[in-house]
J.: 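Following this message is one structure expressed as structure tokens.
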Amino acid sequence: MQVCLDNQQMTDVVSTWKIQGQVIAFVPTMGGLHAGHLSLVHQAKANADKVVVSIFVNPTQFGENEDFDNYPNTLEQDLYELEACQVDAVFTPNKEHIYPDGFTSHLKAGSLSQGLCSNARPGHFDGVVQVVHRLFEIIAPDIAIFGQKDYQQLLVIKQMVAALSLPIQILSGAIVREQSGLAMSTRNQYLSIEQKQQALKLYQVLTELKQETLNGRNLATAIQDAKTILSQDFKIEYLSALDANTLKSITDNTSKIAILCAVFLGSTRLIDNIIFNQG
Ligand code: PAF
């Protein structure tokens, strides 16, 4: 596995592969790797000849009072895990490589970034599209894989790729859950054992909401009841059922529904979702 510390090393590696006609899949991460990330790596391996993983904690997607300074850094363990998965190259740039002096980006996240996470994290998706675009420029992958847990992010990236006609296929990786149902997340490290126990309620509530929707229960009432249950343990940022393609209200034309939530458990923000076909 090659560890590329700067843009030049990364582009040299990729250029050699391109000359050889290899298909390159890319998994962007901020490190703190867990089984969810590794499942994206396996998906990448199944879809390409060469796999690149980036590890870069992107400052521009964090708000002022967020956890940028404390974001888990487990680089040594991450590299060990990626080597074990037979990843071909890991890109670990620093801030100056991604945002060189004088760098400006006019790139803004598209309409799918509105609402949901953006309400509490204004500018977050602008930061995400800017860093992902930079990484795409440097790595020029054929395929890039993003987890479904960050569902709004996935749609925002797809929208950017379509808007800029980038020749990159975006694949979505299924949510990987702990045995309890809690969606794997780097931020789960912040939870105490007791909080982990409480957190499993989130997926239970989402699963029940899905079932109730399929049973034809009025969604607004079901969501209201679910909020009442969740608010016993969590501070709810949002819990919404939307059209999974447009992230707008469900209409008669909706074929796929997304139930999405963001909640706080103590000071830890958790997001989760469940996506399913309209019955
Ligand atoms: O999902 C993440 O970990 C990040 O938002 C990403 C895509 C690596 C961009 O920094």
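When a ligand or atom number is given, it counts from 1 through the structure's own listing order. Every heavy atom of this structure was used, including side-chain atoms; hydrogens, water molecules and symmetry mates were not.
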J.: Of all the atoms in ligand 1, which lie at a distance below 4.0 Å from a heavy atom belonging to P28?
T.: 8 (C)

J.: How does I157 reach ligand 1, if at all, at less than 4.0 Å between non-hydrogen atoms: by side chain, backbone, both, or neither?
T.: neither

J.: Kindly give the heavy-atom pair with the smallest separation between D78 and L33, and that separation in Å.
T.: OD1-N, 3.1 Å

J.: Whether the Q130 and D126 side chains hold a donor-acceptor pair (N or O, under 3.5 Å, no angle test) is what I'd like checked.
T.: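 Short answer, no.
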
J.: N/O to N/O below 3.5 Å, does that happen between Q61 and ligand 1?
T.: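 The answer is yes, given that Q61 and ligand 1 share an N or O pair closer than 3.5 Å.
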
J.: Does a donor on one side chain and an acceptor on the other come within less than 3.5 Å for N58 and Y99?
T.: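 Distance-only check passes for N58 and Y99.
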
J.: For the residue pair Q198 and E194, confirm or rule out a side-chain donor-acceptor distance under 3.5 Å.
T.: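 No, because no side-chain N or O of Q198 sits under 3.5 Å from a partner of the opposite role on E194.
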
J.: Indicate whether any N or O donor in one side chain lies under 3.5 Å from an N or O acceptor in the other, for Q211 and N215.
T.: yes

J.: Can you list the atoms of ligand 1 that are under 4.0 Å from a heavy atom of V131?
T.: 9 (C), 10 (O)

J.: Polar-atom distance check: Q153 versus ligand 1, any N or O pair below 3.5 Å?
T.: yes

J.: Where is the nearest protein heavy atom to atom 3 (O) of ligand 1: which residue, which atom, and how far?
T.: M30 CG, 3.7 Å

